[in-house]
Amino acid sequence: MTTVPCPAEVEAGDGRFALTPDTPLTADPALARAAAWLRETLTPATGLPLPEGPEGVEIRQVTGLGPEEYRLTITPERVLVEASDPAGGFYGAQTLRQLLDPAAFRASRIAEQTWTLPALTVSDRPRYGWRGCLIDVARHFLPKNDLLRYIDLLAMHKLNVLHLHLTDDQGWRLEIAKYPKLTEVGGWRRESPIGSIVHERFDGRPHGGYYTREDIREIVAYAADRFVTVLPEIDLPGHTQAAIAAYPELGNLAEPLEVGTRWGVQDHVLNVSDATIAFFLDVLDEVLELFPSRYVCVGGDEARKVQWVESLDAKQRMADLELATPEELQTWFVRHFTDYLVERGRVPLGWDELLEGGVPPGTAVAAWRGEPVTRLAVRAGHDVVVSPFTATYLDFRQSDSPDEPVPIGSVTSLRSVHDFDPVPDGLDDEERARVLGAQAALWTEHIDSPRLLDYMAFPRLAAFAEAVWTGGRDYEDFLVRLAVHEERLRALGVEFRPQDGPLPWQRRPDAPGRPRTRAEVDAELESWTALLRRSS
Ligand code: ACM
């Protein structure tokens, strides 16, 4: 069979099941969502009404299967999806759709066609409970409809967390009722770099956009209907230039700022006043109202400390609190928000830089700086979501070719993503259990359109899904299945990267990148982790 991700176990049977206009579909009430979704997607594509009734396709609730697990049994006589929870039923339905002709992925019927499913038995369950994808909607805004399309694409690949990076130096994308200037001022910038910032070229074209509170409610509900949790990130105390541009009193400098127009890590960070803490607690209040997710990300990455070192107020804070380093000041600052979340029954998530000043209690770590950092975090007793940048940052170039659109970073090939293993070597069972799962990341400094997002995401995100759902076992087999999977992606209109490189119109000769070698990237990684080892 050709499904992606590959199921845990498959046994082929004899013959095929034919779906006809009379084939009924029924589900136990607890798994009704899977049946509703099958009708929503298959009826327009196939013309099959799938009327309610027994003895056709049945989605049955059983006891004894794990979370998200399902069994799919197809014989020439019937189709049976069994699961213990709604997500398992849904993933059984997703697999069923992939077993049909790829035309089942179109939005409407294009021809008279018979629809059949191969007889087989699938027993399938995920390797990791956390199978995420970060989309940075701050650097380049992703219009709501494209985000909804991505939620469908995540669900199709059995990914279940959409980490929305909503705020950064170059844009604030979430409407906050109490502080409207966050989006009125922070929601757009004057211009953007063309390609890598090292070339110092700018487009002179405003860029902006934000999600209203109603948009967010819609996105969250749409995702929940597809068993995807939307995990919001409000990045603090760094990556906050857009917020400071909107409300200068949040910053450390007397002079006004504009929303960031440069890529890279900026010096601007929030000040550590009581008023700034109160402001962001208000923001978090609205975030909690809009996002029901168990985890909420408060950032903590790449917060430069130069402004704090020079700030009399920050120095006074450190003296009053008897803190030895600015990293400890960052932890003190962030702890206001993590404690607030914990008190409200949520679990804070913070980037691994928080290890430098101490991870606040109850906070899970998003480890992006590679395996040594993942090891440090789990050995310190934290739950960890891994997103090592050399393996899972999908903004990194896909090949050595200068034709890759805006080539940055080292090469993150399809194969390397497929073969990615979230758990570093050398962990004992207890430590392994603290690895909740993994996330791919679509940072969008250089991804300025949904078309380019498709190119960077696919097919690598399909390979990533296989790594976290099944565990990438056989790359050659993946490539055989991928040939069919590309037909599905084509039917959906996903403009994925062809395996032999970009089509002429997928190149960006106008936007030069800054490719680096793996050795250069590894050296940077080593310098960070050496710092971290010293501070931990
Ligand atoms: C990150 O890549 N700054 C989390």
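This structure is a prediction, so every number in the text was calculated from the model and none was measured. Note that ligands are numbered from 1 as they come in the structure, with each ligand's atoms numbered from 1 the same way. Quick note: numbers below take in every heavy atom, side chains included, and nothing from hydrogens, waters or symmetry partners.
Although no hydrogens or angles enter the test, the distance criterion places no donor-acceptor pair under 3.5 Å between the side chain of R473 and the main chain of T470.
A salt bridge does not link K158 with E68: every distance from a Lys NZ or Arg NE/NH1/NH2 to an Asp or Glu carboxylate oxygen is 4.0 Å or more.
More than 12 heavy atoms of other shown residues, nucleotides or ligands fall within 6.0 angstrom of atom CZ in R344. By the 6.0 Å contact criterion, CZ on R432 is open, its count of non-hydrogen atoms from other residues, nucleotides or ligands being 12 or less.
Taking CZ of R189 as the start and NE2 of H207 as the end, the distance is 5.0 Å to the nearest 0.5 Å.
Listed by chain and residue number, the protein contacts of ligand 1 are D301, E302, W351, W368, Y393, W443 (heavy atom within 4.0 angstrom).
Residues satisfying the side-chain hydrogen bond (donor to acceptor under 3.5 Å, both in side chains) criterion with H163, sequence neighbours excluded, are E233, Q439.
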